[in-house]
Amino acid sequence: QLAALIKSLKKGNRKGDGNLAREVHQSWKEGYVPSQADVAVFEAISAPPPADLYHAVRWYNHIRSYQSEKSSLPGVKKPLGQYGPLGVADTTSGSAPTTAKDEDDDDIDLFGSDEEEDAEATRLKEERLAAYAAKKSKKPAVIAKSSILLDVKPWDDETDMAKLEECVRSIQMDGLVWGQSKLVPVGYGIKKLQINCVVEDDKVGTDILEEKITEFEDFVQSMDVAAFNKI
């Protein structure tokens with residue numbers, strides 16, 4: 001193709017053509033002055049054209065004289081094959097014709113299919129969930145607790161309140177801790193035992209406390225919950 005370009009410089013400048021405008025125009029690859037088209041062809045030639053292509057030699061020497069200012073010549077440099085000559089296929093890499101193989105290559109998904117991306121996203125999500133579950137399992141479980149204030153009432157003013165409290169505190173269960181207590185006057189000389197305890201909600205409830213305390217029926221008439229607060 002390069003040889004055809006060089007010969008095209010000779011073809012359009014044959015002596016005796018008689019058409020001066022065509023002769024002047026054909027002195028350059030494009031237009032009436034040297035341009036980037038001439039630079040593109042010049043840079044593709046590794047050696048001066050043969051001597052018999054005298055117009056090509058003249059063109060070659062002329063363009064070589066612009067060596068220091070070729071970047072300032074007008075036009076935009078295009079792939080070599082786009083400068084002709086007519087009837088010669090463009091085989092440059094910049095404008096090679098599209099082939100069936102090229103079309104097949106265009107169909108190749110270089111970045112993977114959506115299904116592959118979805119599978120990868122699912123895998124990453126599962127890994128993160130597994131890591132979160134493992135991390136969470138290492139943390140100590142939060143134990144729900146409550147503070148309960150109980151009113152334990154005796155039968156009468158002759159009930160041994162010290163013995164009553166001793167009976168109440170003798171109740172021992174996993175998740176039950178007894179706290180402070182005091183005697184509170186009720187009336188007619190009767191006093192009730194007001195005692196605090198802390199319980200783990202999953203292990204101890206007010207129903208079982210009432211059941212255990214009222215088992216001491218010689219001392220206890222009844223039991224009520226005076227206050228109940230979550231800790």
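What's counted below: heavy atoms across the whole structure, side chains too, no hydrogens, waters or symmetry copies. These numbers were taken from a predicted model, which means no experiment stands behind them.
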Going by atom type alone, with no hydrogens or angles, which donor-acceptor pairs under 3.5 Å involve a side-chain atom of residues 210-228 and a protein atom two or more places apart or on another chain?
| residue | atom | partner | partner atom | Å |
| --- | --- | --- | --- | --- |
| T214 | OG1 | E210 | O | 2.6 |
| T214 | OG1 | E211 | O | 3.3 |
| D224 | OD2 | K153 | NZ | 3.4 |

Indicate every side-chain donor-acceptor pair of residues 167-184 with a distance under 3.5 Å to a residue at least two apart or in another chain.
| residue | atom | partner | partner atom | Å |
| --- | --- | --- | --- | --- |
| R169 | NE | E165 | OE2 | 3.0 |
| R169 | NH1 | G179 | O | 3.2 |
| R169 | NH2 | E165 | OE2 | 3.4 |
| R169 | NH2 | G179 | O | 2.7 |
| R169 | NH2 | S181 | OG | 3.3 |
| S170 | OG | C167 | O | 2.4 |
| Q172 | NE2 | R169 | O | 2.8 |
| D174 | OD2 | K203 | NZ | 3.0 |
| W178 | NE1 | I171 | O | 2.9 |
| S181 | OG | E165 | OE2 | 2.6 |

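Other members of a hydrophobic cluster containing L124 are absent, since no ILVMFWY side chain comes under 4.5 Å of it, directly or through relayed contacts.
Y60 and F42 make their closest contact through CE1-CE1, 3.5 Å (heavy atoms, listed as atom of the first residue, atom of the second, distance). Here the closest non-hydrogen pair linking G189 and D157 is O-CB, 3.5 Å. When every heavy atom of P50 is checked against every heavy atom of V57, the shortest pair comes out as O-CG2, 3.3 Å. Between K191 and P185, the closest heavy-atom pair is CG-CA, 4.0 Å. When every heavy atom of I190 is checked against every heavy atom of P154, the shortest pair comes out as CG2-CG, 4.0 Å.
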Practice problem: Could you walk me through whether Y66 and E69 pass side chain to side chain contact (heavy atoms under 4.5 Å, CB included), step by step? | Solution: CA-CA 5 Å; Y66 285 94; E69 52 186 307; 3.8 Å; yes
Quiz item: Given E127 and R123, is the side chain to side chain contact (heavy atoms under 4.5 Å, CB included) satisfied, shown in steps?
Solution: CA-CA 6 Å; E127 288 180 356; R123 185 184 66 80; 2.5 Å; yes
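Judged by distance alone, with hydrogens and angles left aside, the side-chain atoms of D156 form a donor-acceptor pair with the main-chain N or O of T159 at under 3.5 Å. In this structure, the side chain of D38 engages the main chain of S35 through a donor-acceptor pair within 3.5 Å.
The distance from atom NZ of K135 to atom CZ of R128, rounded to the nearest 0.5 Å, is 14.0 Å.
Checked for salt-bridge contact, K163 and E166 meet the test: a charged N lies under 4.0 Å from a carboxylate O.
If you chain together hydrophobic residues whose side chains sit under 4.5 Å apart, V204 and I231 never meet in one group. Linking ILVMFWY residues whenever their side-chain heavy atoms come closer than 4.5 Å, directly or via other members, leaves V186 and M161 in distinct clusters.
Under 3.5 Å, the side chains of S147 and N196 contain a donor-acceptor pair of N or O atoms.
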